[in-house]
S.K.: 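Got a structure for you, questions after.
Sequence lines set the chain letters: A, B, ... in the order given, protein chains first and strands last, and positions in each chain run from 1.
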Amino acid sequence: MPDFKLVKGTKEYFPPESAALYSLEKTARRIFKIFAYQEARFPILEDSRVFSRGLGKETEIVEKQIYRLYPLEKNICLRPEGTAQAAKNVISHNIYRQKEIMKWFYIGPMFRGERPQKGRLREFSHIGAEFIGAGSYWADAELIKIASLILSESGIKDYSIEINSLGCVKDKQALKNILKEKLSSKKNLLCPNCRQRLQGNTLRILDCKNPGCREIVSSLKINHSYLCTSCRQHFDSLCRALEQLKTPYTINPVLVRGLDYYTQTVFEIKSSKLGAQDAVGAGGRYNNLIQELGGPQIPAAGFALGMERMLMLMPVKKISPAAKVFVAYTSKNVYNYAFEILTLLRQHSISSDIDFLGKSLKAQLKYSQKLGARITVLIGDDEIKQGKIIVKFMKESLQKQINEDELLDTVNNYLEKYA
RNA sequence: GUGGGUGUAGCUCAGCUGGCAGAGCACCUGACUGUGGCUCAGGUUGUCGUGGGUUCAAAUCCCAUCACCCACCCCA
């Protein structure tokens, strides 16, 4: 037999961890519904040009990390993110002509061809939202609020929201020029990567991890002077809106995003408990992406949360029971009957199970407990002759004999009250 | 792509200067012949990552290789 190994950068989830993933999804769906976002489902296979055009020319590495199906299909890849895909769909179906505003959420796998490390997989899952069609700072505020709510409602406490504004295209260029100008004299003090970045992805110098670069960056005293009046107003208003929504935030003037498409608002949700990959979610405004992909100029904003990273921050949940009721039997003579009882319970949507291995009653009880059953229904050879069944309440360690026709009521009453 | 670390039972790991492959947890059985948790007794589980070398003898030393982890990088 071949030695099957887990594919690099993938992760398997078994119970009970897999249940946490599900509850995460449930929480997100609940909150999206409250905020009137509807689910969009896009294919995992996508035209790679959607991403190579949308994500930027300066970020060449992005191109390298795209999972391609080449040579099977020349321009098909496994999607690396949801935003560009959403933007593409707005254009290709002319949806913007039917609706002025599109509020979408999506949950699903994304792929990147990176070397895995803590919090970084090749196949991972995003919970994302896109608000397309409004340039209002209230849209930004709403998105940040939703992201924050999904985290807190999932029981995650250790996170902080950092926001910044890159301004419009002109402002971004102005910021780059300021950096180039101020750093030209200090070029030799920068790390080799940042020296390279001076030519290309200049803004990335701002969040370089190298201590030397950090010191230089902080000595530059970057402020929002590069923002034009309207971008400045947008940012200030967003801050007020977040305060009104009671969403705590901090302004991080050196927060930048790696991708080209961001304009004005950018934000990142960080946690110190994640390791080097400390962002549990990120997003921002992308007013020009749809245009760059060949559509009209439609303002939009969005975010994505990393589900696996969220899972690392979530409190460990109690194992949810695999079955609420377990049917035990005293001898093989009554197994048929026991299975009939099991079927009856299941017909009434009661989560239930039975032994399939011919185990001793003692072992069955043990198994019942392991499953987390609240009730064990005991089918005894002696009792069954008089139409009686034993119902045992596991937690209370109490049991009583009832008539067969009382079973459903007894079980339902108990489960309603205590389980 | 670059660097560091780790690979021994299902899980967490111990195993020194080479000398019979170990512990805890988990799992199974019994004490308790029809009743879970606690206790006690017993039991199952291994290509010591893989390939080669040194040696009378290798989990242990050497070389190679693979995998995973962490970090750089990058960040959706």
S.K.: Donor-acceptor check, side chain of A/Ser148 to backbone of A/Ile144, threshold 3.5 angstrom: yes or no?
M.R.: no
S.K.: Of the candidate nucleotides B/C72, B/C74, B/G37, which contains the atom at the shortest distance from the side chain of A/Ser397?
M.R.: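 Minimum distance to the A/Ser397 side chain belongs to B/G37.
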S.K.: In whole Å, I'd like the distance from the CG atom of A/Leu365 to the P atom of B/C28.
M.R.: 13 Å
S.K.: When all nucleic acid strands are considered with a 4.0 Å heavy-atom cut-off, which category describes A/Gly82: base, sugar-phosphate, or nothing?
M.R.: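 Nothing, no heavy atom under 4.0 Å.
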S.K.: In whole angstrom, give the distance that lies between atom NZ of A/Lys392 and atom P of B/G34.
M.R.: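 It works out to 15 Å between those atoms.
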S.K.: Quick one: side-chain hydrogen bond (donor to acceptor under 3.5 Å, both in side chains) pairs with a partner in residues 356-373 of chain A, sequence neighbours left out?
M.R.: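 The answer is A/Ser368-A/Thr376.
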S.K.: Using a heavy-atom cut-off of 4.0 Å across all strands, would you classify A/Glu383 as base, sugar-phosphate, or nothing?
M.R.: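 The residue A/Glu383 makes base contact.
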S.K.: Nearest to the side chain of A/Ile390 - B/G34, B/C70, B/A76?
M.R.: B/G34
S.K.: Can you check the A/Gln364 CD to B/C28 C1' distance for me, whole Å?
M.R.: 15 Å
S.K.: If only side-chain N and O atoms of A/Arg112 are considered, is one of them under 4.0 Å from the OP1 or OP2 phosphate oxygen of B/C75?
M.R.: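 For B/C75, neither OP1 nor OP2 has a side-chain N or O of A/Arg112 closer than 4.0 Å.
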S.K.: Only Watson-Crick and G-U wobble pairs with both distances less than 3.5 Å should count. Give RNA chain B in dot-bracket notation, marking inter-strand partners with |.
M.R.: (((((((..((((.....[..)))).(((((.......))))).....(((((..]....))))))))))))....
S.K.: Round to a whole Å and report the spacing from CZ of A/Phe393 to P of B/U35.
M.R.: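 Whole-Å distance recorded here is 20 Å.
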S.K.: Looking at A/Tyr13, does the NZ or CZ of A/Lys11 lie under 6.0 angstrom from its six-membered ring centre and within 45 degrees of the ring axis?
M.R.: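 Yes - A/Lys11 lies over the ring of A/Tyr13, closer than 6.0 Å to its centre and within 45° of its axis.
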S.K.: If only side-chain N and O atoms count, and only distance matters, is there a donor-acceptor pair under 3.5 Å linking A/Glu404 with A/Tyr337?
M.R.: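 Yes, side-chain donor-acceptor contact under 3.5 Å.
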S.K.: Between A/Asn164 (side chain only) and A/Leu255 (backbone N and O only), is there a donor and an acceptor less than 3.5 Å apart?
M.R.: yes
S.K.: B/C73 P sits how many Å from A/Lys209 NZ, rounded?
M.R.: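 For the pair A/Lys209 NZ and B/C73 P, the rounded distance is 6 Å.
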S.K.: Please pick, from B/G34, B/U29, B/A76, the nucleotide with the shortest atom-to-atom distance to any side-chain atom of A/Leu361.
M.R.: B/G34
S.K.: If we ignore hydrogens and angles and just use 3.5 Å, is the side chain of A/Asp355 paired with the main-chain N or O of A/Gly358 as donor and acceptor?
M.R.: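 Checking the backbone N and O of A/Gly358 against the side chain of A/Asp355, a donor-acceptor pair under 3.5 Å is found.
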S.K.: Under 4.0 Å, counting only non-hydrogen atoms across every strand here, what does A/Asp382 touch: a base, just sugar-phosphate, or nothing?
M.R.: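 Since a base atom lies under 4.0 Å of A/Asp382, the category is base.
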S.K.: Roughly how many Å apart are B/G5 and B/G42, using the C1' atom of each and rounding to a whole number?
M.R.: 40 Å
S.K.: Return the value, rounded to whole Å, for the distance between atom NZ of A/Lys362 and atom C1' of B/U39.
M.R.: 11 Å
S.K.: Roughly how far apart, to the nearest Å, are B/C61 and B/G7 at atom P?
M.R.: 11 Å
S.K.: When all nucleic acid strands are considered with a 4.0 Å heavy-atom cut-off, which category describes A/Thr83: base, sugar-phosphate, or nothing?
M.R.: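 If one applies the 4.0 Å heavy-atom cut-off, A/Thr83 turns out to touch nothing in the nucleic acid.
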S.K.: Classify A/Arg120 by what it touches in the nucleic acid, base, sugar-phosphate, or nothing, heavy-atom distance under 4.0 Å.
M.R.: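 Base contact.
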S.K.: Taking CZ from A/Phe326 and P from B/G34, how many angstroms apart are they, rounded to a whole number?
M.R.: 17 Å
S.K.: Looking only at side chains, do A/Ser48 and A/Arg68 share a donor and an acceptor under 3.5 Å apart?
M.R.: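 The answer is yes; a qualifying pair exists.
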S.K.: Need one value for A/Met394: base, sugar-phosphate or nothing, where a base atom within 4.0 Å counts as base even if backbone is also close, heavy atoms only.
M.R.: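 Base contact - A/Met394 has a heavy atom under 4.0 Å of at least one base atom.
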S.K.: Think A/Lys8 has a side-chain N or O under 4.0 angstrom from the OP1 or OP2 of B/C66?
M.R.: no
S.K.: Is the side chain of A/Glu130 donor-acceptor paired with the backbone N or O of A/Ala300 at a distance under 3.5 Å, no angle test?
M.R.: no
S.K.: To the nearest Å, give me how far apart CD (A/Gln117) and P (B/C74) are.
M.R.: 12 Å
S.K.: Can a side chain N or O of A/Arg79 be found less than 4.0 Å away from OP1 or OP2 on B/A76?
M.R.: no
S.K.: Please give the distance between the P atoms of B/C69 and B/C13 as a whole number of Å.
M.R.: 14 Å
S.K.: Between A/Lys118 and A/Val256, which is nearer to the 5' end of RNA chain B once each is assigned its nearest nucleotide?
M.R.: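 Result of the comparison: A/Lys118.
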S.K.: On RNA chain B, check which nucleotide each of A/Gly9 and A/Arg197 is closest to and give me the residue with the more 5' one.
M.R.: A/Gly9
